[in-house]
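Please read the structure below before turning to the comments.
Here is the naming used below: chain letters follow the sequence lines, and residue numbers restart at 1 for every chain.
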Amino acid sequence: MPATTHRSTRRITPHTARYAEPLRYSIAPCPLGYLLLAASAKGICAVLMGDTPHAVQVELQQRFAEAVLQVDDAGLSEDVQQVVRQLNDPLRPAQLPLDIRGSAFQQQVWQALLHIPCGQTRTYSELAAPLGSHPRAVASACARNPLGVLVPCHRVIARNGALSGYRWGLQRKAALLKGEADAQAQ
DNA sequence: CTTCCAGCCTTTT
DNA sequence: AAAAGGCTGGAAG
């Protein structure tokens, strides 16, 4: 392919970069602390967890710096409850429209995460292989997953069996995996 | 078995 | 251009 006909280095617009896009969000307590769920016109674009309402709110602002954020507890309460219910009953996963934003590579990784069944895990290298990528790259994609729980990045562990890391704290990753393993064992 | 190290692919500054 | 990641396999202790 002659480089003269096509500029291959064209930059794709990064995920969250939209203008003053309106996003609705709601924060509620959950078994793992506080849970923040945010939605665009297309679907859920963020599920974050933290120790305080403030912490999750700040994370949302950082991730969607360009957005106009507006609380909508009433409008999102159903969705929030679905996620909370999934935490308590992992075999009944939330069924929500997702607005998954990320680079092409991140989309591939996150898509793969959606196919990991509840109660199972994969290693970073297992996910990297079919993408022709590297476990380290998969890890950084997992680390930036905006949809905690719904896009189960917590089901990815190190090859040696260690839990490795988790954006929202290893304690939560351990709890999620235990909950899913226990549910599966029923 | 544990620690250390050099490559590894993407994203972020 | 450089650094920093939720990694890994192999060498070394």
(message) Would you say CD of A/Gln184 has more than 12 non-hydrogen atoms from neighbouring residues, nucleotides or ligands within 6.0 angstrom?
(response)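 Yes - once you tally the heavy atoms of other residues, nucleotides and ligands closer than 6.0 Å, there are more than 12.
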Please report, to 0.1 Å, the donor-acceptor pairs under 3.5 Å made by any side chain of residues 77-85 of chain A, with sequence neighbours excluded.
residue, atom, partner, partner atom, Å
A/Gln82, OE1, A/Gln95, N, 2.7

(request) Between protein and nucleotides 6-13 of chain C, map the contacts as a letter string: B base, S sugar-phosphate only, - none, heavy atoms under 4.0 Å, written 5' to 3'. (result) BBSS----
(message) Expressed as a whole number of angstroms, how long is the span from A/Phe105:CZ to B/dC8:P?
(response)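 Answer to the nearest Å: 15 Å.
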(message) Rounded to whole Å, how long is the line connecting atom CD of A/Gln106 with atom P of C/dG5?
(response)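 The answer, rounded to whole Å, is 16 Å.
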(request) Could you tell me whether a side-chain N or O of A/Arg167 sits under 3.5 Å from a main-chain N or O of A/Leu48, the two making a donor and an acceptor? (result)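 No; zero donor-acceptor contacts below 3.5 Å.
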(message) Quick check for you: to the nearest 0.5 Å, what is the distance between A/Leu131 atom CG and A/Gln108 atom CD?
(response)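 If I round to the nearest 0.5 Å, the distance is 5.0 Å.
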(request) Calculate, to the nearest 0.5 Å, the distance between atoms SG and CZ belonging to A/Cys45 and A/Arg24 respectively. (result)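 Rounded to the nearest 0.5 Å, the SG-CZ separation comes out at 9.5 Å.
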(message) One pair to check against side-chain contact (heavy atoms from CB on, under 4.5 Å): A/Asp73 and A/Ser26. What are the steps and the verdict?
(response) CA-CA 5 Å; A/Asp73 291 326; A/Ser26 178; 2.7 Å; yes
(message) Taking A/Arg101 first and then A/Glu66, would you say they form a salt bridge - that is, a charged N and a carboxylate O separated by under 4.0 Å?
(response)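 Salt bridge between A/Arg101 and A/Glu66, a charged N being under 4.0 Å from a carboxylate O: no.
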(message) If you compare all heavy atoms of A/Gly148 against all heavy atoms of A/Trp168, which two are closest, and at what distance to 0.1 Å?
(response)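 In terms of heavy atoms, the two residues are closest at CA-CZ3, 3.4 Å.
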(message) Are there runs of at least three consecutive Watson-Crick or G-U pairs touching DNA chain C, with each pair's two distances under 3.5 angstrom? Give them by first number.
(response)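 Stem list for DNA chain C: B:1-7 with C:7-13, B:9-13 with C:1-5.
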(message) Taking only the C1' atom of each, what is the distance from B/dC8 to C/dG5 in whole angstrom?
(response)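 Rounded to whole Å, the distance is 12 Å.
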